[in-house]
2 protein chains.
Amino acid sequence: MTFSKEHSAGFVANHMARLFAHGLARRIAPLGLAPAQFMVLLELWQEDGLTQHDLVTRLDVEQATMSNTLRRMERDGLIVRRAHDHDRRARRICLTDKARALQAAAIRAAQDQNETALASLSDAERAHLMALMHKVVGAMRRNWGD
Amino acid sequence: MTFSKEHSAGFVANHMARLFAHGLARRIAPLGLAPAQFMVLLELWQEDGLTQHDLVTRLDVEQATMSNTLRRMERDGLIVRRAHDHDRRARRICLTDKARALQAAAIRAAQDQNETALASLSDAERAHLMALMHKVVGAMRRNWGD
DNA sequence: GCATTATGCATAGCATGCTATCTGATTCGC
DNA sequence: GCGAATCAGATAGCATGCTATGCATAATGC
């Protein structure tokens with residue numbers, strides 16, 4: 001029955017992610033954004049007019065989660081949904097001017113948060129941390145049904 | 001405007017934590033437990049009769065979050081609340097037999113999840129990852145008001 | 001000793017994540 | 001070409017996290 005939360009990767013990962021989310025939330029709240037909305041905007045700033053399914057695939061969240069996030073973003077005037085050319089089931093998610101105007105400030109806020117979090121790490125340590133986290137993510141995504 | 005989510009520590013940390021939580025949730029669901037409840041049990045298995053405030057401090061979540069988690073745990077018969085000896089505001093959170101009986105299986109499930117996640121990492125890499133994550137957690141906790 | 005302040009906890013309201021299930025549109029198999 | 005399977009999306013219901021508030025009890029300060 002030896003289980004120390006401090007030595008549990010899952011526990012520490014959860015703690016770290018909560019602190020990241022909290023820091024980002026605080027920084028982008030003045031822009032009227034929440035963390036999940038920022039992630040959606042990151043994709044749309046790169047390529048506008050994606051479908052909900054595209055966003056689900058790129059951000060690796062469940063479709064229902066994305067549906068709810070998009071509903072809040074539409075409510076807040078960050079996106080509009082337009083008809084899809086070839087598929088009447090799907091809709092293209094399009095940025096509003098308001099959302100486009102937030103890009104620079106929001107990205108600055110996120111970079112700020114990352115910088116604060118990683119301040120005590122050398123460049124080599126940062127690279128190593130990223131590589132290890134990607135490896136762990138890869139292992140868990142591969143072992144989906146296990 | 002160069003911001004790649006794959007190179008953002010916060011994004012990858014969030015993704016990793018979601019995968020950890022999902023894997024743990026799947027493994028402990030048969031025991032009737034959810035991840036946050038498991039974390040509370042970890043503390044109570046170590047020291048029964050803690051107050052809500054003790055748990056808030058040890059698990060670093062907000063008091064309101066803990067209050068809600070404990071309400072669900074009481075509903076599910078995992079804990080009971082007893083009067084505190086010296087402070088009539090506080091209540092001691094005590095394990096039920098049901099909760100005590102889950103310890104071995106739940107800890108096994110969590111170790112299983114950690115093992116799956118870290119399978120592709122050497123012992124040295126695991127140690128390094130833990131050290132780096134602790135460092136990042138420490139930096140963000142110190143920079144509370146920043 | 002009594003008013004002020006601090007502490008322990010509960011509740012309301014919200015965002016984000018999940019599973020399960022439903023509808024409507026498209027595609028496949030025959 | 002038509003029924004079955006699949007796919008895009010919405011919705012319901014729940015757990016976990018947060019902030020902001022309110023209430024009751026303790027502790028402090030004068």
Side-chain angles (χ1 to χ4, degrees), chain A residues 10-11 14-30 32-40 50-57 59-76 78-79 81-93 144, chain B residues 10-11 14-30 32-40 50-57 59-76 78-79 81-93 144:
Chain A
F11 180 87
N14 171 274
H15 194 183
M16 182 171 66
R18 279 192 287 122
L19 291 167
F20 263 114
H22 189 262
L24 179 62
R26 222 160 27 83
R27 282 169 161 83
I28 61 179
L33 294 180
Q37 302 180 359
F38 173 63
M39 297 309 163
V40 171
L50 295 171
T51 65
Q52 184 178 120
H53 177 261
D54 291 334
L55 290 167
V56 162
T57 302
L59 295 175
D60 199 26
V61 298
E62 290 302 314
Q63 175 264 320
T65 298
M66 185 55 67
S67 179
N68 283 322
T69 296
L70 292 177
R71 182 156 42 78
R72 285 186 292 270
M73 293 179 74
E74 190 168 33
R75 177 202 64 190
D76 297 345
L78 295 166
I79 57 166
R81 282 142 144 152
R82 298 199 212 287
H84 192 281
D85 286 351
H86 310 305
D87 191 336
R88 277 190 301 165
R89 293 171 304 183
R91 288 195 285 170
R92 296 187 310 125
I93 313 295
W144 220 178
Chain B
F11 179 87
N14 172 275
H15 194 183
M16 182 171 68
R18 279 192 287 120
L19 290 167
F20 264 114
H22 189 262
L24 178 62
R26 222 160 28 82
R27 283 169 160 82
I28 61 179
L33 293 179
Q37 301 179 359
F38 172 64
M39 297 308 162
V40 171
L50 296 171
T51 65
Q52 184 178 121
H53 177 262
D54 292 333
L55 290 167
V56 162
T57 302
L59 294 176
D60 198 25
V61 297
E62 290 302 315
Q63 174 266 320
T65 298
M66 184 55 68
S67 179
N68 284 322
T69 296
L70 292 176
R71 181 155 44 78
R72 285 186 294 269
M73 292 179 73
E74 189 168 34
R75 177 201 65 189
D76 297 345
L78 295 167
I79 57 165
R81 282 141 143 150
R82 299 198 212 288
H84 191 282
D85 287 352
H86 309 305
D87 191 336
R88 276 190 302 164
R89 293 170 303 182
R91 288 194 287 171
R92 296 187 311 124
I93 313 295
W144 221 177

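Each chain gets a letter, A, B and so on, in the order its sequence line appears, and its residues count up from 1. What you are looking at is a predicted structure, and each value in this text was computed from that prediction instead of being measured. Every heavy atom of this structure was used, including side-chain atoms; hydrogens, water molecules and symmetry mates were not.
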Next item on the list: Would you check, one step at a time, whether the test side-chain hydrogen bond (donor to acceptor under 3.5 Å, both in side chains) holds for A/Arg72 with A/Asn68?
Entry: CA-CA 6 Å; A/Arg72 285 186 292 270; A/Asn68 283 322; 5.4 Å; no

Item checked: Whole angstrom value for the distance that separates C1' of C/dC9 from CG of B/Leu55 -> 13 Å

Item checked: Closest non-hydrogen atom pair, A/Met66 against A/Leu59 -> CE-CD1, 3.8 Å

Notebook entry, point to check: Taking for each residue the nucleotide of DNA chain C with the nearest heavy atom, is it A/Ala34 or B/Arg81 whose nucleotide lies nearer the 5' end?
Noted result: B/Arg81

Margin query: Is the phosphate of C/dG8 approached by B/Arg92 (side-chain N or O, under 4.0 Å from OP1 or OP2)?
Written below: no

Notebook entry, point to check: Taking the side chain of B/Arg89 as its heavy atoms from C-beta onward, which of C/dC9, D/dA26, C/dG17 lies nearest to it?
Noted result: D/dA26

Next item on the list: May I ask you to evaluate whether B/Gln63 reaches the phosphate of D/dC18, defined as a side-chain N or O under 4.0 Å from OP1 or OP2?
Entry: no

Notebook entry, point to check: Does D/dG9 have OP1 or OP2 sitting under 4.0 Å from an N or O in the side chain of A/Ser67?
Noted result: no

Item checked: Rounded interatomic separation in angstrom, taking NE2 from A/His15 and P from D/dG17 -> 11 Å

Margin query: If I take atom CG in residue B/Asp76 and atom C1' in nucleotide D/dA15, what distance separates them, rounded to the nearest angstrom?
Written below: 11 Å

Item checked: Interatomic distance where CZ belongs to A/Phe11 and C1' belongs to D/dT16 [whole Å] -> 14 Å

Notebook entry, point to check: Given side chains that start at C-beta, do those of A/Met39 and A/Thr69 come closer than 4.5 Å, heavy atoms only?
Noted result: no

Notebook entry, point to check: So, is B/Arg18 near the phosphate of D/dG17, with a side-chain N or O under 4.0 Å from OP1 or OP2?
Noted result: no

Checklist line | Closest listed nucleotide, where the reference is the side chain of B/Ala64 and the choices are C/dT11, D/dT25, C/dA15 | finding: C/dT11

Item checked: Short side-chain N/O contact from A/Arg91 to OP1 or OP2 of D/dA8, under 4.0 Å -> no

Notebook entry, point to check: Quick one: is D/dG9 close enough that its OP1 or OP2 comes under 4.0 Å of any side-chain N or O from A/His84?
Noted result: no

Next item on the list: Report the distance from atom CG of B/Asp87 to atom P of D/dA27, rounded to the nearest whole Å.
Entry: 6 Å

Margin query: Below the 4.0 Å mark, does D/dG9 have OP1 or OP2 next to a side-chain nitrogen or oxygen of A/Arg88?
Written below: no

Margin query: Taking only side-chain N and O atoms of B/Thr65, does any of them lie within less than 4.0 angstrom of OP1 or OP2 on D/dC18?
Written below: yes

Margin query: Rounding to an integer number of Å, can you tell me how far B/Asn68 CG sits from C/dA15 P?
Written below: 17 Å

Check: Could you give the CD-to-C1' distance, from A/Gln37 to C/dG17, as a whole number of Å?
Finding: 14 Å

Checklist line | Residue whose nearest DNA chain D nucleotide is more 5′ - A/Asn14 or A/Arg71 | finding: A/Arg71

Next item on the list: Establish, with yes or no, whether the OP1 or OP2 oxygen of D/dC14 is under 4.0 angstrom from a side-chain nitrogen or oxygen of B/Arg72.
Entry: no

Notebook entry, point to check: If you measure only the distance, is there a donor-acceptor pair under 3.5 Å linking the side chains of B/Thr57 and B/Asp54?
Noted result: no

Item checked: B/Ile93 vs B/Arg81 side-chain heavy atoms within contact, under 4.5 Å -> yes

Margin query: From CD of A/Glu62 over to P of D/dG9, roughly how many Å is that when rounded to an integer?
Written below: 14 Å

Item checked: Residue-phosphate contact under 4.0 Å: B/Gln52 side-chain N/O, C/dA10 OP1/OP2 -> yes

Check: What heavy-atom pair brings A/Ala90 and A/Thr51 nearest, and what distance separates the two atoms?
Finding: CB-CG2, 4.3 Å

